[in-house]
Amino acid sequence: MPDIQTILEGLLGEAVAAAFGTEFADADPILRQATNPQFGDYQANLAMGLAKRLNQKPRDIADAIKEKLPIGDTLVNAEVAGPGFINLTLNADLLGSQLAGIIKCDRLGVPVDPTPTQVVIDYASPNLAKEMHIGHLRSTIIGDAIARVLEFQGQHATRQNHLGDWGTQFGMLLEHLIDTGWEQSDDHHIGDLNTLYQEAKKLDDADPGFADRARKRVVALQGGDEQSLTLWRMLIDESVRHMNDIFTRLGVALSNDHLKGESFYNDRLAPVAESLQSAGVAVESEGALCVFNDTDDAPLIVRKSDGGFGYAATDLAALRHRIEDLGGQRLIYVVDSRQRDHFNKFFATARRAGWVGDTQLEYVPFGTIMGKDRKPFKTRDGGTVRLTDVLNEAIDRAGKVIAVKAPDLSPDERDKIAKIVGIGAVKYFDLSNDRIKDYVFDWDRMLALEGNTAPYLQNAYVRIRSIFRKGEVDPATLDGGAIKLEHQAERALALQLLQLPRIVGSVADSLEPHRLCTYLYELASSFHKFYEKCPVLAADTEAQRLSRLALCDLVARTLKQGLELLGIGTVERM
RNA sequence: GCCCACGUAGCUCAGUUGGAUAGAGCAGCGGACUUCUAAUCCGCAGGUCACAGGUUCGAAUCCUGUCGUGGGUACCA
């Protein structure tokens, strides 16, 4: 069954053709949801645009179109208002039958793309030398949500965790591990990666002998020295273990299958440089191999004057790998907005080299997490905020609220719920902001129970589940044919439930997960209003009870599915 | 200096890709629990959409300029 917008666009096209001739049938009806219930359910704004083409007054055009619109099964009313808006009110039975069409569908009406795209998405990508900190949160969470949405749409998403596992800092880390006898010991567990890094850094700054050994160690490592590589692998394994702990706790769908660090591209860097140089795209300047895309601008430096390769070369090699080996038709990079210039240059270079072809390159920038002082978020003493500490705190705070609100639950259940609610709150707070903007990290607002927060959405879900428990109703037995929309709160819910496919499509196009957050918040809000006004179990009639139960089920499933696309869980009680 | 992003209620943010009287939450004030979870709902109050032009039937949204904030600006990523 076509969705409502498609049906309405069809009717409007026919009406325009009937009024002004078939050459106008394909005019965009500019169909929008009504901003206010008093204007009906939808409005078509095409009359104003046609005024010039037809050389008639917009209102007259709107009237003529309106006259040709059939009133009956689909529309119960059409009115012309303002400068020429055509306000459309839908037949409640149509909404009901649309809902009946999705209640048995586990995708809630969201279509599967019949011609899926091979998408390669780069996100998280932490530097392995240090423990994951607050600066890694956004790429990880936003990238994960985008990957989930694209996958749900049916796209083939290949996740790439482009680890920083090959930088110069590994020289000093390895030397320090050798000095402390770590490689010889039996236990290769590292409790605190940050301490290791700080100790090595201190030595590197203070002791020229150590610094010299560290530099030589990098050369040996990158040159393929077996002893260095063995030790390096041990360190990487340990660091990856730390990273995976965080991913597991965050519920991020990244595993070792998605790991592809900078080291992977090591032997592909020289060919990149040679190929750019021989194509005349890159030229030598001040001893470095550079690509000048704009004469005034700083160049993209492919090879440093000391002969080493920087991240530009790695990014280019990774791009080739993703297109040539992984078959990427759409490459997505979820990387913070300060790297905008780099991505412009890097993309321009790849295009000039002829490596891109028809592949879409998309840089998905995001803003910085700020402290209350409006500066990048730091601990009280100015250190970086560790991600694991943030998660602990979130779970702790959620647990305290649950202890007050749901004291009858067992400690075990409370812990489980606290994890889902606490981590969901952190993720949702991040995702619900327009990703391009900086935002201020605020515990109180994050775990707030009202407003556009994860607990508010989760609570709507909990209230619905509670109805089914109390009523001892199995949702699977419900029939969409029973849905009758009588109360305006029911009608509002129906209209919103039917928007999910559009919202998913819009997130997939814009790569802006906060659109899904806004939608889910409005849905939850509509549900809470419905809940206050429309008794479900104690409905007036059995038919009404069944209808409302079916509506509740759809809301619950939409919330659960929506949160799942954001990588956030739901609970049965809280 | 140059380049980029952002600027919406006291605070934190949305605004369906140009549509009607710009919407939420918090904070403030006032209401609603013997009835499905009050982690909820209802009401009041709060705005020169930074500013000035321009395009358009129509601008918070697009264009130009100004101011403010943040970021980037040759070998770290």
Side-chain angles (χ1 to χ4, degrees), chain A residues 30 32-36 38-39 43 45 47-49 51-52 57-58 81-85 87 125 127 164 167-169 262 285-290 294 296-306 308-312 314-315 335-342 344 365 367-368 370 374-376 401-402 404-406 421 432-434 436-440 442 444-445 447-453 455-456 458-460 462-471 499 502-503 506 509-510 514-515 517-519 521-522 525 527-529 531-539 548 552 573-574:
Chain A
I30 317 183
R32 296 292 128 90
Q33 275 194 279
T35 50
N36 188 324
Q38 76 185 62
F39 302 137
Q43 58 174 267
N45 301 335
M48 289 78 82
K52 212 162 262 179
K57 288 183 191 158
F85 303 117
N87 292 335
S125 306
N127 189 330
T168 48
Q169 67 274 40
E262 294 170 341
S285 167
E286 296 177 30
L289 186 66
C290 300
D294 189 337
D296 303 332
D297 252 6
L300 185 81
I301 294 174
V302 177
R303 192 179 59 222
K304 299 187 280 182
S305 52
D306 67 1
F309 294 104
Y311 73 131
T314 313
D315 279 343
V335 181
D336 86 89
S337 63
R338 288 173 300 194
Q339 295 197 34
R340 185 163 232 131
D341 286 352
H342 166 69
N344 285 338
T368 309
M370 312 297 256
R374 284 273 164 192
K375 288 177 182 161
V401 179
I402 292 162
V404 174
K405 300 282 183 185
V421 172
S432 62
N433 284 284
D434 185 355
I436 200 66
K437 296 180 183 170
D438 297 345
Y439 74 83
V440 177
D442 183 336
D444 294 332
R445 287 199 302 113
L447 286 163
L449 314 163
E450 308 102 358
N452 190 9
T453 63
Y456 180 86
Q458 287 164 329
N459 183 47
V462 163
R463 288 179 114 180
I464 296 172
R465 299 300 302 150
S466 176
I467 291 172
F468 282 95
R469 263 198 316 276
K470 283 264 162 62
Q499 290 305 312
R502 301 254 161 195
I503 300 298
S506 135
D509 291 341
S510 66
H514 80 281
R515 293 169 184 248
C517 296
T518 303
Y519 166 74
Y521 171 56
E522 285 169 358
S525 177
F527 169 74
H528 282 308
K529 285 171 191 167
Y531 185 91
E532 298 287 331
K533 290 192 177 133
C534 303
V536 178
L537 296 176
R548 288 181 177 172
C552 284
R573 300 163 200 263
M574 65 191 277

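Proteins come first, then strands; the chains are lettered A, B, ... in the order of their sequence lines, and each starts at number 1.
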Peer 1: Between A:Asn87 and A:Gln38, is any side-chain donor less than 3.5 angstrom from a side-chain acceptor?
Peer 2: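 Looking only at side-chain atoms, A:Gln38 and A:Asn87 do not form any donor-acceptor pair under 3.5 Å.
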Peer 1: May I ask you to verify whether the side chain of A:Thr518 and the base of B:rA24 hold a donor-acceptor pair under 3.5 Å?
Peer 2: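 Per atom types, no contact qualifies.
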Peer 1: So, does the side chain of A:Gln43 form a donor-acceptor pair with the base of B:rA20 at under 3.5 Å?
Peer 2: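 When only heavy-atom distances are counted, A:Gln43 does reach the base of B:rA20 through a donor-acceptor pair under 3.5 Å.
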Peer 1: Under 4.0 Å between any heavy atoms, over every strand shown, what does A:Asn45 touch: base, sugar-phosphate, or nothing? Just pick one.
Peer 2: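 Base contact - A:Asn45 has a heavy atom under 4.0 Å of at least one base atom.
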Peer 1: Ignoring backbone atoms, test whether A:Lys529 places a side-chain nitrogen or oxygen under 4.0 Å from the OP1 or OP2 oxygen of B:rU40.
Peer 2: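 For B:rU40, neither OP1 nor OP2 has a side-chain N or O of A:Lys529 closer than 4.0 Å.
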Peer 1: Think A:Tyr439 has a side-chain N or O under 4.0 angstrom from the OP1 or OP2 of B:rC6?
Peer 2: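 Result: no.
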Peer 1: Take A:Phe85 and A:Phe39, measure what ring-ring contact (aromatic ring centres under 6.0 Å, His included) needs, and give me the verdict at the end.
Peer 2: CA-CA 9 Å; A:Phe85 303 117; A:Phe39 302 137; 7.8 Å; no
Peer 1: Can you tell me how far P in B:rG15 sits from the matching atom in B:rA60, rounded to whole Å?
Peer 2: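 16 Å, rounded to whole Å.
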Peer 1: Nearest to the side chain of A:Asn433 - B:rA74, B:rC6, B:rC13?
Peer 2: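 Given the options B:rA74, B:rC6, B:rC13, the side chain of A:Asn433 is closest to B:rC13.
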Peer 1: Using the C1' atoms only, state how far B:rG46 lies from B:rA24, rounded to an integer number of Å.
Peer 2: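 13 Å, rounded to whole Å.
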Peer 1: Kindly say if A:Arg374 contacts the phosphate of B:rU12, meaning a side-chain N or O under 4.0 Å from OP1 or OP2.
Peer 2: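 Checking A:Arg374 against B:rU12: at least one side-chain N or O falls below 4.0 Å of OP1 or OP2.
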Peer 1: Side chains of A:Asn45 and A:Gln43: is there a donor and an acceptor less than 3.5 Å apart?
Peer 2: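 A:Gln43 and A:Asn45 do have a side-chain donor-acceptor pair below 3.5 Å.
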Peer 1: If you measure from CD on A:Gln33 to CD on A:Gln499, what distance do you get to the nearest 0.5 Å?
Peer 2: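 CD of A:Gln499 is found 3.5 Å from CD of A:Gln33.
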Peer 1: Dot-bracket for RNA chain B, 5' to 3', with Watson-Crick and G-U pairs under 3.5 Å, [ ] for crossing pairs and | for other-strand pairs: what is it?
Peer 2: (((((((..((((.....[...)))).(((((.......))))).....(((((..]....))))))))))))....
Peer 1: Could you work out which one of B:rC41, B:rA14, B:rC75 sits closest to the side chain of A:His514?
Peer 2: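 Nearest nucleotide to the side chain: B:rA14.
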Peer 1: Looking only at side-chain atoms of A:Arg338, point me to the closest of B:rC41, B:rA39, B:rG72.
Peer 2: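 Among B:rC41, B:rA39, B:rG72, the one nearest the side chain of A:Arg338 is B:rG72.
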Peer 1: Check every atom of B:rG7, B:rC36, B:rU40 against the side chain of A:Lys437 and return the nucleotide holding the closest atom.
Peer 2: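 In terms of side-chain proximity for A:Lys437, the closest of B:rG7, B:rC36, B:rU40 is B:rG7.
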Peer 1: Does B:rU64 sit syn or anti, given that only angles within 90° of 0 count as syn?
Peer 2: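 Base orientation: anti.
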Peer 1: Ignoring the backbone of A:Thr35, work out which of B:rC41, B:rA20, B:rC76 is nearest its side chain.
Peer 2: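 That would be B:rA20.
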Peer 1: Stacking between A:Phe39 and B:rA20, defined as ring centres under 5.5 angstrom apart with planes under 30°, is that present or not?
Peer 2: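 Stacked: centres under 5.5 Å apart, planes under 30°.
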Peer 1: Any side-chain N or O of A:Arg32 under 4.0 Å from OP1/OP2 of B:rG19?
Peer 2: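 The answer is yes; a side-chain N or O of A:Arg32 sits under 4.0 Å from OP1 or OP2.
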Peer 1: Which nucleotide, B:rC41, B:rG25, B:rU17, lies nearest any side-chain atom of A:Glu450?
Peer 2: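 Looking only at side-chain atoms, A:Glu450 lies closest to B:rG25.
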Peer 1: Which listed nucleotide (B:rC41, B:rG19, B:rA5) is nearest to the side chain of A:Glu532?
Peer 2: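 In terms of side-chain proximity for A:Glu532, the closest of B:rC41, B:rG19, B:rA5 is B:rC41.
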Peer 1: To the side chain of A:Ser525, which of B:rC41, B:rU56, B:rU17 is closest?
Peer 2: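 So the nucleotide nearest the side chain must be B:rC41.
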Peer 1: Among B:rU73, B:rG19, B:rC41, which nucleotide has an atom closest to any side-chain atom of A:Ala298?
Peer 2: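 When the side chain of A:Ala298 is considered, B:rU73 is the closest of B:rU73, B:rG19, B:rC41.
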Peer 1: I want to verify a distance call: between B:rA14, B:rC6, B:rA74, whose nearest atom is closest to the A:Asp434 side chain?
Peer 2: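 So the nucleotide nearest the side chain must be B:rA14.
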Peer 1: Pull up the glycosidic torsion of B:rC63 and say syn or anti, syn being anything within 90° of 0.
Peer 2: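 Here the answer is anti: the torsion falls beyond 90° from 0.
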